[in-house]
Amino acid sequence: MQSFKQYLNEDKNLHLEHIEDEVLNNGVDGTRQAINFLRGLRDMLAGSTKSGKQVRITVKWDGAPAIFAGTNPENNKFFVGTKGIFNKDAKLNYTPEDIDRNHPAEGLNKKLKTALEFLSELNIKGVIQGDMMYSSEDLQNETIDGVNYLTFKPNTIVYAVPKDSDLAKEMLASKMGIVFHTKYNGDTLADMNASFDIDISGMNKTPNVWFRDAEYEDVSGTASMTEKETAQITGILSGAGRLFRQLNPNILKFIQNHKDVNIRIKTYTNSKIREGRPIENPSSHVNGLIKYLKERSEKEIQKLKTEKAKLRKGKEFREFIKFFQNNRRQLSMIFEMQNLLIACKLLILRKLENVKTLTKTFIQDDDGFKVTNPEGFVAVDKLKSDQYVKLVDRLEFSRQNFNAAKNWSKGA
């Protein structure tokens, strides 16, 4: 399982992977750690004091764009930015003119100028990251199932707050809303380390910014697992443990180390998620993957102009596909392992989703508003802050997210 340090070296944007994909990303260690993490979450929800001290959960808010803000330690100036602020050619915005130069697209430009003007009032220590939930012009009045709500839709999910609530009044008085979830520490931007252990208690309160952290709170106590539910997860994890011992570590290591293989497998699975189809049959999924790779390779070959190039590329693709053809059984077991991890994850998600949340969440389509669950959760090991997993119901949220228009990025 990748650590924050490793992600920061490879991708400062902290793109979190799904827990089941740790089988592909980090081989034997990733698979073992995914199983152990699910055990820890099971124990936490079952009321284990030991696990409760080791695991904390944050809620994934479906905000956009991602906003980075704080003081650049290299010049002590306040800035805002988006993904890429840790790059050598980082686009740091200290002034509205910087934003016009770095981000001319209308939607993002306006969001960043709002963030620059009002986040400076918070007295942010260091550098933090959050998801922008709204600016004042995004707030709408909607009647859903006979209830009047204040709503905002930063990305895929529509968030709704009862119109007559104190929270709605607070939001209406503000210029923007943001949920902070990650902090960065270091003497230079390039050397910063990230952590989910963010503390917003020292920030200045201002009516212009509604803000909070992403910490998960079970105020109702409804997320606790029953003995029967705990036993169900235990049984699935036992099966995962038995299957784990049958996986060939060399095949797992090959997938882990060959990013082209890793990416093609995940790309094919994602294409099925877009269609609303899980890995229903691991063996059939392998067959479909090989067919997909062959069809994709033929299309790429046909784009080449010379016969020599086509022959060379054809040979490369045949060698590439041979790995999948020669390891059908192991690939099938890998997909079966992912299915077991997903089954546990979904049982845990259903319990976490029982908790009363700060806002109602909906998906909007041509027929109106439909109730949906939060985007998902991130679970973090308190004792090892570089160990974390993303818990998302991919068939529910990821499919919707794949197909959703990003309103804030219009004109980008």
Asks: Would you call Asp138 and Lys111 a salt bridge, using N to O less than 4.0 angstrom?
Replies: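 Yes, charged N to carboxylate O under 4.0 Å.
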Asks: Work out which heavy atom in Glu353 is nearest to a heavy atom in Pro374; give both atom names and the distance.
Replies: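 Nearest heavy atoms, Glu353 then Pro374: CG-CD, 4.3 Å.
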Asks: Looking at every non-hydrogen atom in both residues, tell me the closest pair between Leu45 and Leu352 and how far apart they are.
Replies: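 Closest pair (atom of Leu45, atom of Leu352, distance): CD2-CD2, 3.9 Å.
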Asks: Give a yes or no on whether the backbone of Thr226 and the side-chain of Glu229 come within a donor-acceptor separation of less than 3.5 Å.
Replies: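 Present.
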Asks: Would you call Arg312-Glu316 a salt bridge at under 4.0 Å N-O?
Replies: yes
Asks: Answer with yes or no after comparing the ring centroid distance for His258 and Phe323 against a 6.0 Å cut-off, counting only values under it.
Replies: no
Asks: Can you tell me if Lys91 uses its side chain to pair, donor with acceptor, with the backbone of Ile85 under 3.5 Å?
Replies: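 Not confirmed, Lys91 side chain does not pair with Ile85 backbone.
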Asks: Can any side-chain N or O of Asn72 pair as donor or acceptor with the backbone N or O of Glu74 at less than 3.5 Å?
Replies: yes
Asks: Consider side-chain hydrogen bond (donor to acceptor under 3.5 Å, both in side chains). Of Asp98, Thr82, Asn102, which one does Asn93 pass it with?
Replies: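 Between Asn93 and the candidates, side-chain hydrogen bond (donor to acceptor under 3.5 Å, both in side chains) is satisfied uniquely by Asn102.
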Asks: Of all the heavy-atom pairs spanning Ala69 and Leu119, show the shortest one and how long it is.
Replies: CB-CD1, 3.9 Å
Asks: Which heavy-atom pair separates Ser136 from Ser174 by the least distance, and what is that distance?
Replies: CB-O, 3.8 Å
Asks: Within the 3.5 Å criterion, strictly below it, is a donor on Arg296 or Tyr292 matched to an acceptor on the partner's side chain?
Replies: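 Yes, a side-chain donor-acceptor pair sits under 3.5 Å.
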Asks: Quick one: do Asp393 and Arg350 make a salt bridge, cutoff under 4.0 Å?
Replies: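 Judged by the 4.0 Å cut-off on N to carboxylate O distance, Asp393 and Arg350 do form a salt bridge.
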Asks: Would you say the ring centers of Phe79 and Phe68 fall short of 6.0 Å from each other?
Replies: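 Ring-ring flag for Phe79/Phe68: false, centres at least 6.0 Å apart.
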Asks: Please determine if Asp145 and Lys370 form a salt bridge, counting it only when a charged side-chain N lies under 4.0 Å from a carboxylate O.
Replies: no
Asks: If you measure only the distance, is there a donor-acceptor pair under 3.5 Å linking the side chains of Thr143 and Asn148?
Replies: yes
Asks: Using only atom types and a distance under 3.5 Å, with no angle test, would you say the side chain of Ser165 pairs donor to acceptor with the backbone of Val161?
Replies: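 It does not hold such a pair.
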Asks: Search all heavy atoms of Gly186 against all heavy atoms of Pro73 and return the closest pair with its distance.
Replies: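 Closest heavy-atom pair between Gly186 and Pro73: O-CG, 3.7 Å.
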Asks: Identify whether the distance between the nearest side-chain nitrogen and carboxylate oxygen of Glu300 and Lys303 falls below 4.0 Å.
Replies: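 A salt bridge is absent here (no side-chain N lies under 4.0 Å from a carboxylate O).
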Asks: Please tell me whether Glu121 and Asn208 have a donor and an acceptor in their side chains that are separated by less than 3.5 angstrom.
Replies: yes
Asks: Looking at Lys345 and Glu20, does any basic side-chain N land under 4.0 Å from a carboxylate oxygen?
Replies: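 So Lys345 pairs with Glu20 through a salt bridge.
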Asks: Identify whether the distance between the nearest side-chain nitrogen and carboxylate oxygen of Lys113 and Asp100 falls below 4.0 Å.
Replies: yes
Asks: Taking the cut-offs as 6.0 angstrom to the six-membered ring centre and 45 degrees off its axis, would you call Lys77 and Tyr94 a cation-pi pair?
Replies: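 Judged by the rule, Lys77 and Tyr94 form a cation-pi pair.
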Asks: Verify, without hydrogens or angle tests, whether Ser332 (side chain) and Arg328 (backbone) share a donor-acceptor contact under 3.5 angstrom.
Replies: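 No.
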Asks: What's the verdict on side chain to side chain contact (heavy atoms under 4.5 Å, CB included) for Phe362 and Ile157, showing C-alpha distance, side-chain angles and the deciding distance?
Replies: CA-CA 6 Å; Phe362 299 89; Ile157 290 177; over 6 Å; no
Asks: Only one of His18, Lys259, Lys266 forms a side-chain hydrogen bond (donor to acceptor under 3.5 Å, both in side chains) with Asn25, so which one is it?
Replies: Lys266
Asks: For Tyr159 and Tyr134: C-alpha separation, side-chain torsions, deciding distance, then whether ring-ring contact (aromatic ring centres under 6.0 Å, His included) applies.
Replies: CA-CA 10 Å; Tyr159 291 89; Tyr134 64 84; over 10 Å; no
